[in-house]
Amino acid sequence: MSAESFERAPDAGTSASYAAAGVDIEAGDRAVDLMKQWVKKATRPEVVGGLGGFAGLFDASALKRYERPLLASATDGVGTKVDIARRMGVYDTIGHDLVGMVVDDLVVCGAEPLFMTDYICVGKVYPERVAAIVKGIAEGCVLAGCALVGGETAEHPGLLGADDFDVAGAGTGVVEADRVLGADRIRTGDVVLAMASSGLHSNGYSLVRHVLFDRAGMSLDQRVEELGRTVGEELLEPTKIYSLDCLALTRTTDVHAFSHITGGGLANNLARVIPDHLHAAVDRSTWTPGAVFDLVGKAGQVERLELEKTLNMGVGMIAVVPPEAVDVALATLADRGVDAWVSGEIVERGAHTEAVTLTGDHPA
C-alpha cells in the first residue's frame, strides 16, 4: 500500500518537493509497516505472496473444483459514517463496515467471498490511524472468510482536511453457475426469513446525522437510556457480516434468494430479487426495530415511510426459502448466533402493483 496524491503549488520562495506539497512518504511507509501484522491475519491458503507488491495474487487453480465457476465482483464504501469515526477518534471498527457492505453483496448471489482490496484516502497520513483502519478491515475479512490481498493509501493534502478520510473496497467471490441464487428460483409459497441487523449498519447516516445533531442538538457523548450507551457508541456499532452465515445456510438447506438490506431499505432491496409475477408480503408485527430507529424517528419527526426507505429498520439480510426448509434454516442460523424469524411470504402478484409491501405495525 503506497501513499500517493495530487500535488499543490509550494509556497513562494521554497523549492518544490513532494513533502512541500504536503505528502509524507515516510509516514506512508510507517503506516504500511504497522498494518502488516493485521493483513497477515486476513488470508486464505490460495493467497500467493504478501503485502508490498504492486498487485495481490490469488491462486485460481483452487477454482478447478468447480464445474463452471462464475466470479462475482462488488465494490462499496461506508458513506458518511466515516464522519462519526473521525469525530469519535475511533478508527478500528469502520473497516468491519466496509467489509460487510462488500461481501454481503457478493453472497446474495450465493458467491463465496475470496478476497478484497481496499482504498483509504486521507488528508494527512497518521500511521497509527491508517493502521487502525486496516486492522478493522482485516478483522472484517476474517469474519467474512476472505483474504485482504492489498490496497492503497492515498494522501490528498489540499483536497481533504488533515483529519478527513474516506474508505472504499472491492471484493471478488465465486459461485457455481448452476447454484446462482436469485429471482428465477423464487416460487409462490416461499417464505421470507429476516435476519436481525446490529443497528444502522452503514446506510442513512446523512439523515441520521442531520436529525440527531442538527435538529435534535444531541452530542456524540450524550448517553441515551433507551440505547444503553452514548449516541456515538451506538452510531459506530459495526455492520454485521452475514457472509459465512448465508453460506452455511446454502449448505444445510435449500435457499432460493438472499437480499442484503442496505440503502433504500427493506422493501426496495428485497424487490430486486422478486420476479415480476410474484409479490413479497412482509409483516412488520414479526419484529421490533432497535431503539436507535425509534430515536431517529422521534428526534426528527421522520415519517415511517421515510425511515423505511432510508434505514434497514432492524433487518440486515433476507433469505427466501421454500416452506419445507424453514425449520432447518432457522435452526442453522440459531446455531450460528444469528437472530432470525419468519417475516413474510411470497404470493402471486395479482392486484399488487409493487414487488414488496410492508403491512401491520411493529410491536410496541
Side-chain angles (χ1 to χ4, degrees), residues 74-105 118-123 129 132-133 136-137 139-140 160-161 163-169 196-224 226-242 259-269 289-317:
T75 186
D76 212 334
V78 299
T80 58
K81 190 171 184 175
V82 297
D83 183 60
I84 306 299
R86 178 188 62 81
R87 293 169 60 184
M88 290 282 289
V90 177
Y91 303 99
D92 62 352
T93 63
I94 203 75
H96 287 235
D97 298 288
L98 179 63
V99 175
M101 298 304 291
V102 173
V103 301
D104 288 337
D105 276 354
D118 64 61
Y119 178 78
I120 303 170
C121 182
V122 300
R129 181 181 300 178
I133 296 172
I137 297 172
E139 290 174 340
L160 297 175
D163 290 332
D164 293 336
F165 75 98
D166 199 8
V167 296
S197 68
S198 56
L200 294 169
H201 285 184
S202 299
N203 300 106
Y205 272 72
S206 293
L207 172 65
V208 171
R209 290 162 54 245
H210 171 67
V211 164
L212 298 186
F213 305 139
D214 299 338
R215 297 194 60 170
M218 303 182 79
S219 62
L220 287 169
D221 61 359
Q222 181 175 337
R223 183 175 177 81
V224 178
E226 292 84 353
L227 301 177
R229 53 183 170 177
T230 67
V231 172
E233 289 169 339
E234 178 67 35
L235 298 189
L236 271 193
E237 178 66 34
T239 300
K240 181 168 178 56
I241 298 173
Y242 301 92
S259 177
H260 187 197
I261 311 305
T262 56
L266 192 157
N268 286 340
N269 281 286
V292 67
F293 301 101
D294 190 51
L295 176 66
V296 173
K298 289 180 177 178
Q301 297 181 315
V302 185
E303 295 183 358
R304 181 166 70 180
L305 179 60
E306 185 68 20
L307 287 174
E308 289 181 339
K309 72 178 185 180
T310 307
L311 307 176
N312 66 60
M313 298 304 291
V315 178
M317 182 71 76

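Residue numbers run from 1 in the order of the sequence given. Side chains are part of it too, since the values below use all heavy atoms of this structure and drop only hydrogens, waters and symmetry mates.
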**Thr75 (side chain) donor-acceptor with Gly169 (main chain) under 3.5 angstrom** = yes
**Request:** Please confirm whether the backbone N or O of Leu98 pairs with a side-chain atom of Asp76, one donor and one acceptor, at under 3.5 Å?
**Result:** no
**Prompt:** Roughly how far apart are Asp104 CG and His260 NE2, rounded to 0.5 Å?
**Reply:** 4.5 Å
**Prompt:** Is there a side-chain contact between Cys121 and Leu160 (heavy atoms, below 4.5 Å)?
**Reply:** yes
**Prompt:** In Å, rounded to the nearest 0.5 Å, how long is the span from NZ of Lys240 to CG of Asp97?
**Reply:** 13.0 Å
**Message:** Looking at every heavy atom in both Leu311 and Val208, which two are closest together, and how far apart are they?
**Reply:** CD2-CG2, 4.1 Å
**Item:** Donor-acceptor pair, side chain of Asp92 and main chain of Ala132, under 3.5 angstrom
**Value:** no
**Prompt:** CD1/Ile84 to CG/Leu220 distance, rounded to the nearest 0.5 angstrom?
**Reply:** 5.5 Å
**Asked** CD1 of Ile137 to CD1 of Ile94: how many Å apart, nearest 0.5 Å?
**Response** 9.5 Å
**Asked** Do Val82 and Phe165 touch side chain to side chain, with heavy atoms closer than 4.5 Å?
**Response** yes
**Prompt:** Taking side chain as C-beta onward, heavy atoms only, is Val99 less than 4.5 Å from Glu139?
**Reply:** no
**Asked** If you take all heavy atoms of Ala85 and Tyr91, which pair is closest and at what distance?
**Response** O-CE2, 4.0 Å
**Prompt:** Do Glu308 and Leu266 come within less than 4.5 Å of each other through their side chains, counting heavy atoms only?
**Reply:** no
**Complete:** Value for CZ (Arg86) from OG1 (Thr80), rounded to nearest 0.5 Å, stands at 11.5 Å
**Prompt:** Is Arg129 salt-bridged to Asp163, going by a charged N under 4.0 Å from an acidic O?
**Reply:** yes
**Prompt:** Which pair of non-hydrogen atoms, one from His96 and one from Ile241, has the smallest distance, and what is that distance?
**Reply:** O-CD1, 3.8 Å
**Message:** Between Tyr205 (side chain only) and Leu235 (backbone N and O only), is there a donor and an acceptor less than 3.5 Å apart?
**Reply:** yes
**Message:** When you compare the side chain of Ile261 with that of Asn203, does any pair of heavy atoms fall below 4.5 Å?
**Reply:** no
**Asked** Does the side chain of Leu295 reach to within under 4.5 Å of the side chain of Glu226, using non-hydrogen atoms?
**Response** no
**Asked** Are Leu227 and Val292 side-chain neighbours, meaning at least one heavy-atom pair lies under 4.5 Å?
**Response** yes
**Prompt:** Checking Arg229 side chain against Val224 main chain: does a donor-acceptor pair fall under 3.5 Å?
**Reply:** no
**Request:** Examine distances only and state if a side-chain atom of Asn312 and a backbone atom of Leu200 form a donor-acceptor pair shorter than 3.5 Å.
**Result:** yes
**Asked** With side chains defined as the heavy atoms from C-beta onward, is the minimum distance between Asp118 and Val167 less than 4.5 Å?
**Response** no
**Prompt:** What's the shortest heavy-atom distance between Ser197 and Phe293, and which atoms?
**Reply:** OG-CZ, 4.3 Å
**Item:** Heavy-atom pair with the smallest gap, counting every atom of His201 and Tyr242
**Value:** CE1-OH, 3.4 Å
**Item:** Smallest separation among heavy atoms of Met88 and Glu233, with atom names
**Value:** CE-N, 3.9 Å
**Item:** Donor-acceptor pair, side chain of Ser198 and main chain of Pro238, under 3.5 angstrom
**Value:** yes
Between side-chain atoms of residues 297-306 and protein atoms elsewhere (two or more places apart, or another chain), which donor-acceptor pairs fall under 3.5 Å?
| unit_1 | atom_1 | unit_2 | atom_2 | d |
| --- | --- | --- | --- | --- |
| Lys298 | NZ | Asp294 | OD2 | 3.2 |
| Arg304 | NH1 | Asp361 | OD1 | 2.8 |
| Glu306 | OE1 | Lys309 | NZ | 3.4 |

